[in-house]
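Scope of the values below: all heavy atoms of this structure, side chains included, with no hydrogens, waters or symmetry mates. Read the numbers this way: they start at 1 and go in the same order the structure lists the ligands and their atoms. None of these values were measured; they are calculated from a predicted model.
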Amino acid sequence: MIEKQRINEAEKAVKVLQEEVYQHEWRLHYHVAPVANWMNDPNGFCYFKGEYHLFYQHHPFAPKWDSMYWGHVKSKDLVNWEHLPPALAPGEAYDKDGCFSGSAIEKDDKLYLMYTGNVWTGENYDEELKQVQALAVSEDGISFEKLSENPVITEAPKGDIHPFHFRDPKVWKHDNLYYVVLGSKTLQNTGQVLMYRSKDLIHWEFVNILAKGEGNFGYMWECPDLFTLNNKEVLVMSPQGVKPEGNLYHNLHQAGYVIGDVDYEKGILSHGDFQLLDYGFDYYAPQTMIDPEGRRIAIAWMDMWESEMPTQAHGYTGAMTLPRELELRGDKIYCHPVKEIEKLRQAEVIHEQITFSGETSLEGIAGDSIELDLSLRVHHSSACGIRLRVDEDAGEETVITYYGDKGILELDRNESGKGPGGVRKTHLQLQDHMLHLRIFIDKSSVEVFVNHGEQVLTARIYPGKKSTNIRLFSDEEIEIVQLKKWDLKRSI
Ligand code: FRU
């Protein structure tokens, strides 16, 4: 079957499910998700000819991971998204079992997608595979053609580099040369990142192992992304197999960054410690782009491998986080939802200067597709917080608690409804006793931006339709300095 036909069949396969999926109670209203069936990593996030394009790992024929296509959405404002036909379908000898993750770059007014061609060489998917790097090109950003020169990187370099786990090219331009970072591991299963360079995107020269894990840093690094933020180099990557340490690393896989300096000649990144980009449950494989305003924007898969995904039974699985603008302060990245999200706000409700203890609910503060902006003045000893998606009769709630005595913020989804439970915790130092939470609730997700982007906690949750109440609680008297709430319009 030719490429075009494969793409048409994929598009048809999701369209027939669209009506049913769009009406389902857990279907997200303002986060990118596939029309139907499966989504994982964001790919090819870019700005091309006046529009944002976002591609994603997509299996169009079932709500589970299988042979990978590239799904595609575009937007003028990062908020209102339009679905387009898949951009890539597997089928060539070098990508017949999947067009795996990759990125996009503009060259000579054309949009190039660079991706990993995956072929299984046996039944054991961990060991029996061949991965190569390939390109596809488009004039309009919608229909793509794979290059006749493919694959452009045919095998992993020799040395202490695993020959098969070799994927997820992220391409950028620096000083008139193109560079790519690739996810890799050593022969003894330590995660690392490889760097290549090219004059023309077609011929690639291996530069070096850019960075490698030491200690508890995982057996494979997926989806690397290298960029400059505030004059520092940042390497974002998704290490698999990092073991839990205290309150950290309780998800199956992690996503975070190191900050440092790159020697482009030698291909070496000297860097500081690994830090997470999100402290919740569901955040993986983030990819960034720089937009015409100079913003560095990250978007990630808002799910986790091997996590229970209750929407699978309803024909759709997988979503993206809100696009988040990254800001570097000192050696720490702050994450902010892009400002365009405010376009979705309607029906503002405001409460101010309310002192309470015990539990309270406030007039007009409820919902399942909303934004909350909450400023609390708390005490060092308070245990206080907010219960979201509450249904008292069903005993459902998703709880954010700040423990002043321990300096810990906790997100608890044990009673959230269907799906996986668990608690995630993060350390937090308050300034002037102020706790600020900006919370985005969408039908089956919650994203909590803490103290103006210092931390973010993201979770998929699967409550019943009636779980829309919201309650504040505190074991001693505290002040709600301000609580604002908006309903957010459906935008995809
Ligand atoms: C990350 C990942 C990538 C790979 C893709 C396959 O979630 O495992 O390394 O390219 O997903 O869908």
Side-chain angles (χ1 to χ4, degrees), residues 10 34 37-45 54-72 86-90 94-104 113-120 125-136 151 153 156 162 164-171 180-185 189 191-194 213 218-225 235-242 251-256 277-278 281-288 298-307 309 317-321 458 460:
N37 289 325
W38 174 269
M39 162 191 277
N40 58 286
D41 312 356
N43 295 155
F45 191 23
L54 177 65
F55 304 83
Y56 54 88
Q57 288 288 278
H58 182 38
H59 185 61
F61 302 111
K64 64 180 180 64
W65 189 82
D66 204 320
S67 185
M68 281 292 112
Y69 287 60
W70 275 36
H72 188 186
L88 297 176
Y94 56 83
D95 67 11
K96 74 180 178 56
D97 297 321
C99 298
F100 276 17
S101 282
S103 53
L113 305 180
M114 188 162 185
Y115 67 99
T116 297
N118 187 70
V119 174
W120 305 123
Y125 284 8
D126 275 336
E127 290 304 327
E128 296 175 295
L129 67 165
K130 169 95 182 133
Q131 300 193 321
V132 298
Q133 317 313 322
L135 286 162
I153 306 182
H162 195 284
F164 310 133
H165 288 275
F166 173 58
R167 58 177 171 271
D168 311 336
K170 177 78 195 314
V171 57
V180 140
V181 276
L182 279 163
S184 165
K185 59 177 173 176
N189 291 325
Q192 61 186 3
V193 169
L194 312 179
Y219 58 78
M220 168 76 197
W221 290 359
E222 296 189 311
C223 303
D225 188 348
L235 175 66
V236 163
M237 77 304 234
S238 295
Q240 297 181 289
V242 178
N251 296 333
L252 181 64
H253 302 315
Q254 318 306 319
L277 274 169
D278 191 291
F281 301 86
D282 293 291
Y283 186 92
Y284 195 62
Q287 186 172 97
T288 74
I299 198 157
W301 182 34
M302 191 166 59
D303 286 289
M304 183 53 62
W305 286 114
E306 293 176 36
S307 187
M309 299 170 179
T317 313
M320 295 296 160
T321 62
T458 300
R460 297 305 301 272

Which atoms from ligand 1 have a heavy atom of [X] less than 4.0 Å away?
X	value
Asp41	1 (C), 2 (C), 3 (C), 5 (C), 7 (O), 11 (O)
Gln57	5 (C), 6 (C), 12 (O)
Met68	12 (O)
Ser101	5 (C), 10 (O)
Tyr284	1 (C), 7 (O)

Checklist line | Short side-chain donor-acceptor distance under 3.5 Å, Asn43 and Gln287 | finding: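 Side chains of Gln287 and Asn43: no pair found under 3.5 Å.
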Checklist line | Minimum-distance protein heavy atom relative to atom 8 (O) of ligand 1 | finding: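 The answer is Glu222 OE2, 2.8 Å.
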Next item on the list: Might you work through the side-chain contact (heavy atoms from CB on, under 4.5 Å) test for Leu182 and Val193, ending with a clear yes or no?
Entry: CA-CA 6 Å; Leu182 279 163; Val193 169; over 6 Å; no
Notebook entry, point to check: Of the listed options (Asn43, Asp168, Asp66), which comes nearest to atom 3 (C) of ligand 1 when hydrogens are ignored and any heavy atom counts?
Noted result: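 Of the listed residues, Asp168 has the closest heavy atom.
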Note to self: For a 4.5 angstrom cut-off between non-hydrogen side-chain atoms, does Gln133 reach Val180?
What the structure shows: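 No, every pair of side-chain atoms sits at 4.5 Å or beyond.
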Margin query: Taking the side chain as everything from C-beta on, heavy atoms only, tell me whether Met309 gets closer than 4.5 Å to Trp38.
Written below: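 Heavy-atom side-chain distance check passes, below 4.5 Å.
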Notebook entry, point to check: Should the pair Trp301 and Tyr284 be assigned to parallel (<30°), tilted (30 to 60°) or perpendicular (>60°) ring geometry?
Noted result: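 Trp301 and Tyr284: perpendicular rings.
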Note to self: With a heavy-atom distance limit of 4.0 Å, tell me whether Trp301 approaches ligand 1 through its side chain, its backbone, both, or neither.
What the structure shows: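 Contact part for Trp301 vs ligand 1: neither.
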Next item on the list: Answer side chain, backbone, both or neither: which part of Thr116 comes under 4.0 Å from ligand 1, heavy atoms only.
Entry: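 None of Thr116 does.
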Margin query: Below the 3.5 angstrom mark, is there an N/O of Trp65, backbone or side chain, next to an N/O of ligand 1?
Written below: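 Yes - when backbone and side-chain N and O of Trp65 are compared with those of ligand 1, one distance drops under 3.5 Å.
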